Number of protein chains: 2
Amino acid sequence: MAIGIKISLNDRLYLRDPQETPLGQKIIRHSILLIDEIGFEAFNFKKLAKRMNSTEASVYRYFENKHLLLIYLVSWYWEWVSYLIDINTMNIEDPERRLKIIIENFVYASKENPSIEYVNESVLHRLIIAEGTKAYHTKMVDEENRDGFFSNYKTLVQKVANVISEINSEFPYPRALASNMFEMANNHIYFAQHLPRLTDVTVNDENFDEVEVMIEFFANALLHNCPGKE
Amino acid sequence: MAIGIKISLNDRLYLRDPQETPLGQKIIRHSILLIDEIGFEAFNFKKLAKRMNSTEASVYRYFENKHLLLIYLVSWYWEWVSYLIDINTMNIEDPERRLKIIIENFVYASKENPSIEYVNESVLHRLIIAEGTKAYHTKMVDEENRDGFFSNYKTLVQKVANVISEINSEFPYPRALASNMFEMANNHIYFAQHLPRLTDVTVNDENFDEVEVMIEFFANALLHNCPGKE
DNA sequence: TATAATTGATAGTATTGCTATTATAAGTGA
DNA sequence: TCACTTATAATAGCAATACTATCAATTATA
């Protein structure tokens with residue numbers, strides 16, 4: 001627990017706060033590793049319990065079901081990226097430079113120093129890339145949205161949108177660009193790894209530079225006056 | 001079956017070709033309606049069989065499992081959008097106008113005349129928006145990609161990328177822009193409906209005009225010379 | 001030291017995801 | 001027309017999943 005960051009997440013996501021107890025922390029740690037390993041569909045609480053030498057019933061005391069656990073993990077990631085952006089853009093005046101850092105953090109969230117011992121941020125990043133959007137693509141999205149389950153994402157998007165508006169106050173789609181940059185970062189890493197004909201960038205191993213350059217290119221093209229602009 | 005279009009889909013997606021028999025067509029029709037209604041997670045073959053007055057075992061003779069059925073439906077959609085683009089851009093020389101039509105088809109696929117009686121294209125479009133990306137966000141993606149399960153998407157993206165390159169042969173990311181426009185169309189309709197703070201557009205009922213305008217704006221900004229371009 | 005709270009161990013239930021078996025109906029080919 | 005294949009229905013069954021309940025063992029707390 002190097003730095004004193006406290007990830008604040010909606011307390012309706014869990015039955016008992018997993019950050020507070022060793023067992024809860026084990027659930028977080030091992031669910032990240034296991035979902036990454038076998039995929040969210042094959043993942044369940046029985047397998048998780050076995051992996052961490054606990055019991056199914058114990059896991060159910062922390063989370064109602066695996067879907068809420070996923071939202072918890074995804075929210076964690078959104079919060080963590082927000083936090084990275086905050087510390088890395090602190091004291092930087094120029095909004096253009098701030099946006100560049102934001103893009104870097106979208107693409108390279110995993111490369112930052114881990115801040116909490118029971119969360120492997122690098123694996124979590126892989127998990128978000130592969131499974132992240134499943135958190136809000138469900139029939140319960142409206143209800144869960146009312147309960148504030150996605151507020152961390154909204155806060156992150158608003159933070160980025162503010163920088164976009166600072167760069168170009170005339171730009172009509174600051175939030176859409178912000179969410180699109182985030183989704184694009186994840187999508188095109190995934191495409192490059194699994195469906196390369198859907199993108200033009202390549203990634204190898206831990207090097208996502210081309211994705212970063214592409215998103216910068218998109219952002220620059222959109223935020224500086226263009227003939228096509230209406 | 002108004003027009004003589006034959007949707008050609010990878011025959012490894014099914015055990016028996018559902019297009020060939022009345023029961024197969026019933027499976028397609030009702031799976032679209034039922035997934036749209038209850039969501040992909042809650043959907044299963046037992047419920048589908050009950051809904052269409054058949055039996056679980058009969059459905060299993062056509063599709064191995066619900067995941068392959070989803071890929072089948074998503075592939076159908078990709079093929080159908082490809083087809084719409086083909087007929088709607090036929091005889092149009094100007095690539096800018098062709099791209100505009102492509103964007104319109106991405107956003108308004110549902111508004112076109114239905115072409116096959118057992119596929120409700122409007123409901124299918126909703127299904128794609130809500131569940132589409134689950135087709136390729138699984139642990140089996142590489143294997144399924146090797147089997148050609150996503151080739152319809154690749155073909156569609158390549159078709160659009162070609163138009164992009166015609167407009168601006170210097171543009172370095174034609175495929176990424178193509179796939180991004182497609183995903184963005186679906187995403188921002190979904191956001192506007194369920195998570196409006198993640199976008200800047202609004203949609204009401206069947207009117208997605210703002211999404212269309214936004215994607216045109218993005219495409220124009222990117223494809224015409226900008227100071228930010230490297 | 002009494003008490004409360006947490007976890008483990010075990011069992012149990014309803015549903016899901018699928019396979020197998022047999023019966024019936026419908027079409028086909030000689 | 002009869003044998004013959006094929007598709008579907010009806011039913012059963014099984015292993016896995018998604019939980020819930022109970023109670024004992026342990027640990028923390030007052």
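Residue numbers begin at 1 in each chain, while the letters A, B, ... track the order of the sequences. As the structure is a computational prediction, the values presented were derived from the model and not from experiment.
- Nucleotide dA16(D) holds its P atom 19 Å from the CG atom of Leu48(A), rounded to whole Å.
- Here the side chain of Asn10(A) pairs a donor or acceptor atom with the backbone of Gly148(A) at under 3.5 angstrom.
- Applying the side chain to side chain donor-acceptor pair (under 3.5 Å) criterion to Asn65(B), with sequence neighbours excluded, gives no partner residue.
- Here the CG-CH2 distance, from Leu156(A) to Trp80(A), works out to 12.5 Å after rounding to the nearest 0.5 Å.
- Taking atom CG on Leu69(A) and atom P on dC19(D), their separation rounds to 12 Å, with Å as the unit.
- A sub-4.0 Å separation between OP1 or OP2 of dC18(C) and a side-chain N or O of Lys66(B) is absent.
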Restricting both atoms to N or O, compile the protein contacts to nucleotides 6-11 of chain D shorter than 3.5 Å, with distance only.
residue: dA7(D); atom: OP1; partner: Arg16(B); partner atom: NH1; Å: 3.0
residue: dA7(D); atom: OP2; partner: Arg16(B); partner atom: NH1; Å: 3.4
residue: dT8(D); atom: OP1; partner: Tyr62(B); partner atom: OH; Å: 3.2
residue: dT8(D); atom: OP2; partner: Tyr62(B); partner atom: OH; Å: 2.9
residue: dA9(D); atom: OP2; partner: Ser54(B); partner atom: OG; Å: 2.5
residue: dA9(D); atom: OP2; partner: Ser58(B); partner atom: OG; Å: 3.1
residue: dA9(D); atom: N6; partner: Arg61(B); partner atom: NH2; Å: 3.3

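- Distance check, rounded to the nearest 0.5 Å: CD of Glu144(B) to NE2 of His194(A) gives 12.0 Å.
- Atom-to-atom, CD of Gln25(A) to P of dT6(C) comes out at 15 Å; the value is rounded to the nearest Å.
- Note on Lys46(A): every side-chain N or O is 4.0 Å or more away from OP1 and OP2 of dC19(D).
- Glu20(A) places its CD atom 17 Å from the C1' atom of dT7(C), with the value rounded to the nearest Å.
- Contact between the side-chain N/O atoms of Asn65(A) and the OP1/OP2 oxygens of dA18(D) is not found at any separation under 4.0 Å.
- In this model, a donor atom of one side chain and an acceptor atom of the other lie less than 3.5 Å apart for Thr202(B) and Glu210(B).
- At whole-Å resolution of the value, CG in Asn44(A) and P in dT20(D) are 15 Å apart.
- We find that CD of Glu41(A) is positioned 12 Å from P of dG17(C), with the value rounded to whole Å.
- As a whole-Å value, the separation of Leu15(A) CG from dA18(D) P is 16 Å.
- The interatomic distance linking Tyr60(A) (OH) with dT17(D) (P) rounds to 11 Å, in whole Å.
- Judged by the 6.0 Å distance and 45° axis criteria, Arg16(B) is positioned over the aromatic ring of Tyr62(B).
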